[in-house]
Amino acid sequence: METLKHTLNTLVTASLGAITADASANANVITASKPEFGDYQANGVMAAAKQLRTNPRALAERVVAHLLLQAPEMFAKVEVAGPGFINIHLQDSLLTKRGAALLQAPELLLPKATHPQAIVVDYSSPNLAKEMHVGHLRGTIIGDCLARVLTSSGHTVIRQNHVGDWGTQFGMLISYMQEVGSTHGEVAAKLADLEEFYRAAKTRFDDDPAFAERARNSVVKLQSGDPEMLQVWAHFIDESLRHCEAVYRKLKITLRREDLKPESFYNNVLESIVKLLNERGMLSISDGARCVFLPQFIGKEGEPLPVIIQKSDGAYLYATTDLAAAQYRAHSLHAERSLYVVDARQSLHFQQVFAVARAAGLVTDAISLEHIAYGTMMGADGKPFKTRSGDTIKLVELLEEAVRRAYALVSEKNPQLSEQEKQEIADVVGIAAVKYADLSKNRTSDYIFDWSSMLSFEGNTAPYLLYAYARIKSIVRKQELNEATGTITAVDSPTERALLLKALQFAESVEAVASDCFPNALCLYLYELSGSFMRFYEACPILKAEPSVRSSRLALAQLTAITLQQGLDLLGIQTLEQM
RNA sequence: GCGCCCGUAGCUCAGCUGGAUAGAGUAAUCGGCUUCGAACCGAUUGGUCGGGAGUUCGAAUCUCUCCGGGCGCGCCA
């Protein structure tokens, strides 16, 4: 179903166009900034009046008159306000009709994009040399949410988990694996704690020159395709992936093995990338390294800034791999959008990669390459977590802590629940709290990792939304079994009407997330929806209302519940029947 | 030095394709459960939107400048 905002914008824009004879005029309809301004407001008349050098209020009056002739049944009141705003008050019957239609066919809650696209979402992408830590949380959660949202909008989403499985550090790890055990079981036991394994290998590497030599040798052998090295390496990668998948399962992340497109996947095309750049005359040798210099990137003292494609020792770098990946996504996956959900600190890198890819013709204008940047995970001291400090908090441990805290809270609030129920609720609530804490913040700002704020269950948090949902479900359970499912027929109370209007606006926020990739907009919407329900709940009796009112209110509560459930699902958060 | 990001209530943050009197949460104070789940709801207090200038009917939002902070900038990813 087309959104109210879109319907209204089309209508008012048409009226504006008819009056001004300007086809480019846009009514710019938005949700009203205050309830007294109505349900929606059109701001575009003032800009149009300015262009025509005419009185904005007079123009607005004419637009309103035209609009009321076009669709009189939609509006309760349309009036001109202030310097030329048009305030739109919708007819209750329009709202109830739409609400009833959505209840009838909940799949209409999420309208499909008019132009479905093939969209690559590159996210999570941990380095397999180490265990996932809190630094991987944001990209994994945000990327998964975007993948879900885009899928729900009817796009073909191709997830790409660009894991780091190649490079010098794997030589060290392989050599250490060969040292610690000869049997599969011994090695697996050692790999149970990847972090510890990495530290131990690193220590060996730093302390023993002979070991370091073997490690360097291992890299060379591995890269030249030595079968034994490849086997050990594959074993390590497989173990490391198991760690990731355990985290994904806990977090309800939709990434699967088939979404893996590791760095090593591109190994055999890197040479051809370099060759192509060379043929295009884009390569130059600088200090022995093969580089691309683009005029728009200026370095420290005004000299050109290189993108290093191949090191002086012949090894490739991540820019090369990213170029290969861009080409693969454009030509093999036929993607029209490629989203890179990656830390904001890599923005220069992506600017360069995108620019080189386009300049070299590795991708055409048919694909939009977008760096979906997110802020750095900061410690309580305001400093970023250091990936190699050894002090990072493991993601699994963080999640276990969240669930523990949720369990304590559930036990306190609802001690009468069975042990199993408490545990199941704690699992959902703990994970939901962690994800929501992240998703509800603007992704571009830095994120301060703080146990108390992340695991607080008060205010604008996932538990608040889950609680609203559980409350509705509790009411629904209480209705008589033989009672026919009613539908929304009236919204006579202000909180009742506000709730219905809010529920009808779900798709508007989902559309915004699909185009701008800011999941916090959806969080804000769901929070407001829950708030609207809570106020409705306080003000309007449902089960105790007269039969006709009761049936309509029950239906409204139902609509709220399915909207909440769907919205939370898009965030990757499960709902609970009770909590 | 060059580039990118950020500075909004005591704290954590929304709002930024310019729109009406800048909003939430939290903390503080007060009120609301013999009535559908109080993990809730309501009220009050809390602001030179870092400073200044400009663009215009209108600026937290756009431009410039200054101050403060973060990040990035040749062979890690």
Side-chain angles (χ1 to χ4, degrees), chain A residues 28 30 32-34 36-37 41 43-44 46-47 49-50 56 81-85 87 125 127 129 164 166-169 263 286-291 297-303 305-313 315-319 321-322 342-349 351-352 373 375-376 378 382-384 387-388 409-410 412-414 429 440-442 444-446 448 450 452-453 456-461 463-464 466-468 470-479 516 520-521 523-524 527-528 531 534-535 537-545 550 553-554 557 578-579:
Chain A
N28 192 14
I30 61 169
S33 54
K34 286 170 189 288
E36 56 265 39
F37 297 152
Q41 63 184 64
N43 295 344
M46 290 169 285
K50 188 175 170 184
F85 297 101
N87 290 342
S125 306
N127 185 340
W166 206 248
T168 50
Q169 51 201 334
E263 287 177 342
S286 176
D287 294 337
R290 293 182 166 180
C291 308
F297 297 105
I298 307 298
K300 287 177 185 170
E301 261 111 71
E303 83 265 349
L305 195 62
V307 179
I308 301 177
I309 301 298
Q310 193 172 21
K311 287 162 55 170
S312 48
D313 67 2
Y316 302 104
L317 291 104
Y318 75 138
T321 311
D322 278 336
V342 181
D343 191 308
R345 286 175 294 188
Q346 293 191 36
S347 87
L348 177 60
H349 165 72
Q351 279 181 45
Q352 291 180 320
T376 309
M378 312 291 263
K383 291 179 183 170
T387 45
R388 289 183 176 81
L409 197 62
V410 175
E412 177 201 326
K413 299 284 182 191
N414 280 321
V429 172
S440 62
K441 287 179 179 65
N442 185 312
T444 57
S445 43
D446 287 344
I448 294 184
D450 174 36
S452 59
S453 77
S456 154
F457 302 114
E458 285 172 10
N460 182 13
T461 62
Y464 178 82
L466 293 174
Y467 180 61
R471 265 186 155 181
I472 298 173
K473 285 303 186 176
S474 170
I475 293 168
V476 170
R477 276 195 299 272
K478 287 194 169 74
Q479 71 173 307
D516 302 339
N520 65 307
C523 293
L524 179 67
Y527 179 61
E528 287 174 353
M534 295 294 196
R535 279 180 294 264
Y537 179 91
E538 295 286 331
C540 302
I542 300 170
L543 297 176
K544 284 165 191 157
R550 167 193 159 98
R553 286 181 177 169
L554 262 171
Q578 59 169 0
M579 64 185 285

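- Across the protein-nucleic acid pair, A/Lys478 atom NZ and B/rG37 atom C1' stand 7 Å apart, rounded to whole Å.
- Between A/Lys478 and A/Leu543, the shortest heavy-atom contact is CB-CD1, 3.7 Å.
- Shown here for A/Phe37 and A/Asn87, the closest heavy-atom pair between the two residues is O-CB, 3.0 Å.
- Among the atoms of the strands shown, only primed sugar atoms or phosphate atoms (P, OP1, OP2) are found under 4.0 Å from some heavy atom of A/Asn520.
- Atoms CD (A/Glu528) and P (B/rC41) sit 13 Å apart, rounded to a whole Å.
- Within the 4.0 angstrom heavy-atom criterion, base atoms lie near A/Ala81.
- In this structure, OH of A/Tyr527 is placed 15 Å from P of B/rG15, rounded to the nearest angstrom.
- Nucleotide B/rG3 forms a pair with B/rC71, judged by Watson-Crick or G-U wobble geometry with both contacts under 3.5 Å.
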Protein-nucleotides 56-64 of chain B N/O pairs closer than 3.5 Å?
none

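- In this structure, A/Phe457 and A/Asp287 both approach RNA chain B, and ranking their closest nucleotides by distance from the 5' end singles out A/Phe457.
- Looking at heavy-atom distances under 4.0 Å, A/Gln41 makes contact with a base.
- Taking atom C1' in both B/rU29 and B/rG46, the straight-line distance is 12 Å, to the nearest Å.
- For B/rC4, the OP1/OP2 oxygens have no side-chain nitrogen or oxygen of A/Arg345 closer than 4.0 Å.
- A/Ile542 comes within 4.0 angstrom of a base, heavy atoms only.
- No contact: A/Ala344 has no heavy atom under 4.0 Å from any strand.
- Distance CZ (A/Arg471) to C1' (B/rA39): 9 Å, rounded to an integer number of Å.
- Within the 4.0 angstrom heavy-atom criterion, only backbone atoms of the sugar-phosphate kind lie near A/Ser445; the bases stay farther away.
- Of the two residues near RNA chain B, A/Asn460 and A/Ser312, the one whose nearest nucleotide lies more 5' is A/Asn460.
- Taking only side-chain nitrogens and oxygens, A/Tyr467 comes nearer than 4.0 Å to OP1 or OP2 of B/rA39.
- Nucleic acid contact class of A/Cys540 (heavy atoms, under 4.0 Å, all strands): base.
- A/Asp313 comes within 4.0 angstrom of nothing in the nucleic acid, heavy atoms only.
- Once the 5.5 Å centre distance and the 30° plane angle are applied, the aromatic ring of A/Phe85 is found stacked with the base of B/rA20.
- Atom CG of A/Asp343 and atom P of B/rC4 are 18 Å apart (whole Å).
- Summarising the geometry of A/His349 relative to A/Ala319, their closest heavy-atom pair is CE1-CA, 3.7 Å, with the distance given to 0.1 Å.
- The side chain of A/Tyr464 places no N or O atom within less than 4.0 Å of a non-bridging phosphate oxygen (OP1 or OP2) of B/rA24.
- Of all heavy-atom pairs spanning A/Ala545 and A/Arg553, the tightest one is CB-NH1, 4.1 Å.
- The gap from the P atom of B/rC13 to that of B/rG7 amounts to 11 Å, rounded to the nearest Å.
- Nearest to the side chain of A/Ser347, among B/rG74, B/rA77, B/rC4, sits B/rC4.
- Listed nucleotides B/rC4, B/rG42, B/rA77 differ in distance to A/Arg535; the shortest reach to its side chain belongs to B/rG42.
- Residue A/Met534 has its side chain nearest to B/rC41 when only B/rC41, B/rU26, B/rG74 are considered.
- Counting only heavy atoms from C-beta on, A/Phe37 has its side chain closest to B/rA20 among B/rG37, B/rA20, B/rC13.
- Under the Watson-Crick or G-U wobble criterion, with both distances below 3.5 Å, B/rC64 is paired with B/rG52.
- For B/rG37, neither phosphate oxygen OP1 nor OP2 lies less than 4.0 angstrom from any side-chain nitrogen or oxygen of A/Lys473.
- Phosphate proximity of B/rA20 to A/Asn43: absent, as no side-chain N or O sits under 4.0 Å from OP1 or OP2.
- The base of B/rA77 is not paired with the side chain of A/Asp322 by any donor and acceptor separated by under 3.5 Å.
- In this structure, A/Lys413 does not reach the B/rA38 phosphate: none of its side-chain N or O atoms is under 4.0 Å from OP1 or OP2.
- Taking every side-chain heavy atom of A/Tyr537 into account, B/rG37 is the closest of B/rG37, B/rA14, B/rA20.
- Set against B/rA39, B/rG72, B/rC41, the side chain of A/Glu538 has B/rC41 as its closest nucleotide.
- Counting non-hydrogen atoms under 4.0 angstrom, A/Glu412 reaches nothing in the nucleic acid.
- Under the Watson-Crick or G-U wobble criterion, with both distances below 3.5 Å, B/rA59 is left unpaired in every strand shown.
- If you take CD1 of A/Ile30 and P of B/rA20, they are 8 Å apart, rounded to a whole angstrom.
- If you check every strand for non-hydrogen atoms under 4.0 Å, A/Leu409 touches a base.
- The residue A/Val410 sits close to a base: some heavy atom pair falls under 4.0 Å.
- Within the shown strands, B/rA28 is the pairing partner of B/rU44 under the Watson-Crick or G-U definition, both distances less than 3.5 Å.
- The two residues A/Val429 and A/Pro463 make their nearest non-hydrogen contact at CG1-CG, 4.0 Å.
- Checked against B/rA27, B/rG15, B/rG37, the side chain of A/Ile475 finds its nearest nucleotide in B/rG37.
- Among the protein residues, A/Ala470 comes within range of the nucleic acid bases, having at least one heavy atom under 4.0 Å from a base atom.
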